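Worth saying up front: this structure is predicted, and the values here are computed from it rather than measured.
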Amino acid sequence: MDTVPEVVERISLAFEAKGATVPREKISGKLNLLVSEFGIPLEEAERVVTNELMREYNLSPSSGAGAPAGQRAIRDLQTGEWVTVEGKVVSVSSPPIAAIAQSGIIADSTGAISFTIWAKANVPPLENWKWYRLEAAVVDEYRGVPKLNLHSGTKIQLLDDDRALMPSIIPIQSLKPGVGSIRAKFIQEWEPRHERMLQTGLLGDATGTMKFIIWKEENKEKLVLNTVYSIHYATVEEFNGRLSLNLTSAAYFPEEGEDIDVASSVGTDEIAGVIVHMGPGSGLIKRCPVEGCNKALSRYNECPIHEIQREFRWDLRITGVIDDGGEATNILVQRDIAEKLSGMTLDEAIALAENNPLGFDDVLDRMKNAVMGRYIRCRGSILDGTLLVRECTPTAFDPALHAALLNRAAPVPGGAPQ
Amino acid sequence: MNAERQSKNRQFRREPARRVFAAELREARLQFKDGDDEKSPSFVLLPSGERCNRIFLVGKMTQKDKRGDQNVFYTVRVEDPSGMFFINAGSYQEEAMRQIRQIEPGTFVAVIGKPTVRTTPDGAVFISVRAETVIPVDEATSLTWVLDAAARTLERLDHYGSTDDSRKAREFYTIDPVRQRQMVYDALVRIQP
């Protein structure tokens, strides 16, 4: 694995700020050693290398050049602390509720954190892209995400100098609730479930994938599929133990002509076998139209939560069992793959169902005939014992396997008498 | 794997469909229940040393007969490179009956079903498969199945004598693993182009 050039750049800049020049090869060499040889997380490696070099060059290993005692690196802030930080405001957003005068993100060379200015604090709003020194700000937590609170006692000082600031780009795998910057490829676009949502889908880098959303806001641009982006200061949110990225307040730049290998964008679980069962939830189904619900309706258009629905959305899916001869595993196949596997499009299924009293059964029968009993390989992720299929390929007859099996089964010459 | 099975004992766990050649299934005689409950699953012990509650097979349908007046049921023969499977489907296998009705002999079919051992009035023991699902497939699928069944059978034979089920099989059946290995080999040779 190659060290991320941004990290080398950032360490180098930190030393230049203190008047020392460290060869980049030296920095990247030390980083490589820690990251590739010892498997130390990049974040931690950066800290170790910086401290080591600080000692070597006889510099004080504090986070900022000549920083007064008490000033803290944003990365190290802990909930409950009263802190002084110096950082650059990299995003401000309109307050969603009246009690908050302003919210945004402030960053230093070590990391970034959301800040909130409460209306009753009577503090003038911060300006985007300006450096500030904040004294006596309070770190607290909102929904598990650390936040910086600016209150009436916080001393806010605008700094005139514009220092160099490189966001700390980290692998998707290392993202934690809070604020993070990544370099990732937009690999899947999903249908927005809410009218205020501009775009949602999946981002991936070499270490993993993560869901993202962008809410509708003025001047917000959509991402272009299969393009690599540098995404600075996205909010990492946690819901039901899963992380997602909110890019609404983030800055993102396409990297023209760039490409990166995305790790297991389809999940890491794989089962090769045959579909031996397709449940009654398979085939053409109706989904509840209530925003964010999307549950399958019963035959009588009844949603388990929202009762009878007159309107609905059509969908095609497979809920069944894949069996490799040793184990039977539940699978859930969404529309695009169900269409490919069955050779029937959603529109064709709808036409069948609408023009024929037995249409639903007919669709299911045809799908069973096209899908079951064939050798396939499904990839995806297993959740609660069910494989959520993201990719499915047919398995062809393998002459090499045939030869290998013949060898394995062949009676040993001169062995036991036949 | 046994421990895993134990820990999930209370939770419903679908029995995997074992891959078995007709020649091996034909020799199976022992059917038993796992537990005293009326709903306990019933297993057939394969001579290669594994219990099966459900099997998956692919082959050519060579014969189809509709039987019974009041209670209509189908009997079907499906041929693999080692022999013949006897498949049936009655009114309790409504889906399989409907599927069989639409399939003509000569077609390759994939069958998912439960093996059952019956003793005929004259004392002969006969094993058949009660079909759950019968799907028309192409010949390539049947060839792939032969590889699958061969690999699974060889795997069972490799563990012969080291698992509870296979020790039980060694006590109960006279057929020896060498002969079974030969059967797998013959089936593989038969599908050579």
Item to check | B:D122 CG: over 12 foreign heavy atoms closer than 6.0 Å | outcome: yes

Checklist entry - Just one of B:V184, B:L157, B:D158 clears the side-chain contact (heavy atoms from CB on, under 4.5 Å) bar with A:R408, so which one? => result B:D158

Next on the checklist: Does A:H306 have more than 12 heavy atoms from other residues, nucleotides or ligands lying within 6.0 Å of its NE2?
Outcome noted: yes

Checklist entry - Relative to chain A, which segment of B:R54 carries a heavy atom at a distance below 4.5 Å: side chain, backbone, both, or neither? => result neither

Item to check | chain B contact via A:V274 - which portion, at a heavy-atom distance below 4.5 Å | outcome: both

Next on the checklist: Heavy-atom cut-off 4.5 Å, strictly under: side chain, backbone, both or neither for B:I112 against chain A?
Outcome noted: side chain

Next on the checklist: Using side-chain heavy atoms (C-beta onward) and a distance below 4.5 Å, is A:D365 in contact with B:R98?
Outcome noted: yes

Next on the checklist: For B:R19, which atoms come within 4.5 Å of any heavy atom of chain A: side chain, backbone, both, or neither?
Outcome noted: side chain

Checklist entry - For the candidates B:E50, B:E95, B:Q99, which exhibits the highest count of non-hydrogen atom pairs separated by less than 4.5 Å from chain A? => result B:E95

Next on the checklist: Check this for me, if you would: do B:R18 and A:D323 make a salt bridge, where the nitrogen-to-carboxylate-oxygen distance has to be below 4.0 angstrom?
Outcome noted: no

Next on the checklist: As an exercise: rank A:A370, A:A328, A:P394, A:G385 by heavy-atom pairs under 4.5 Å with chain B and give me the winner.
Outcome noted: A:A328

Checklist entry - Does B:K33 NZ have over 12 foreign heavy atoms under 6.0 Å away? => result yes

Next on the checklist: Between B:I191 and chain A, with a heavy-atom cut-off of 4.5 Å, which part of the residue counts as in contact: side chain, backbone, both or neither?
Outcome noted: both

Checklist entry - For the candidates B:V137, B:I135, B:V134, B:D186, which exhibits the highest count of non-hydrogen atom pairs separated by less than 4.5 Å from chain A? => result B:I135

Checklist entry - Would you call B:R14 and A:E327 a salt bridge, taking side-chain N to carboxylate O under 4.0 Å as the test? => result no

Next on the checklist: Would the distance check show the side chain of A:H402 and the main-chain N or O of B:Q192 forming a donor-acceptor pair, the cut-off being under 3.5 Å?
Outcome noted: no

Next on the checklist: Using heavy-atom distances under 4.5 Å, tell me whether B:V189 contacts chain A through its side chain, its backbone, both, or neither.
Outcome noted: both

Next on the checklist: Strictly below 4.0 Å, N to O, side chains only: are A:D324 and B:R152 in salt-bridge contact?
Outcome noted: yes

Checklist outcome for this item: For B:L188 and A:A409, the nearest pair of non-hydrogen atoms, with its separation, is CD1-CB, 4.3 Å

Checklist entry - Within a radius of less than 6.0 Å around CG of B:N71, do more than 12 heavy atoms belonging to other residues, nucleotides or ligands occur? => result no

Item to check | Enclosure of B:K64 NZ (heavy-atom neighbours >12, cutoff 6.0 Å) | outcome: yes

Item to check | Proximal component of B:T133, with respect to chain A [non-hydrogen, under 4.5 Å] | outcome: side chain

Item to check | Over 12 foreign heavy atoms within 6.0 Å of CZ, A:R193 | outcome: no

Checklist entry - Does atom CD of A:E302 have more than 12 heavy-atom neighbours, drawn from other residues, nucleotides or ligands, at distances under 6.0 Å? => result yes

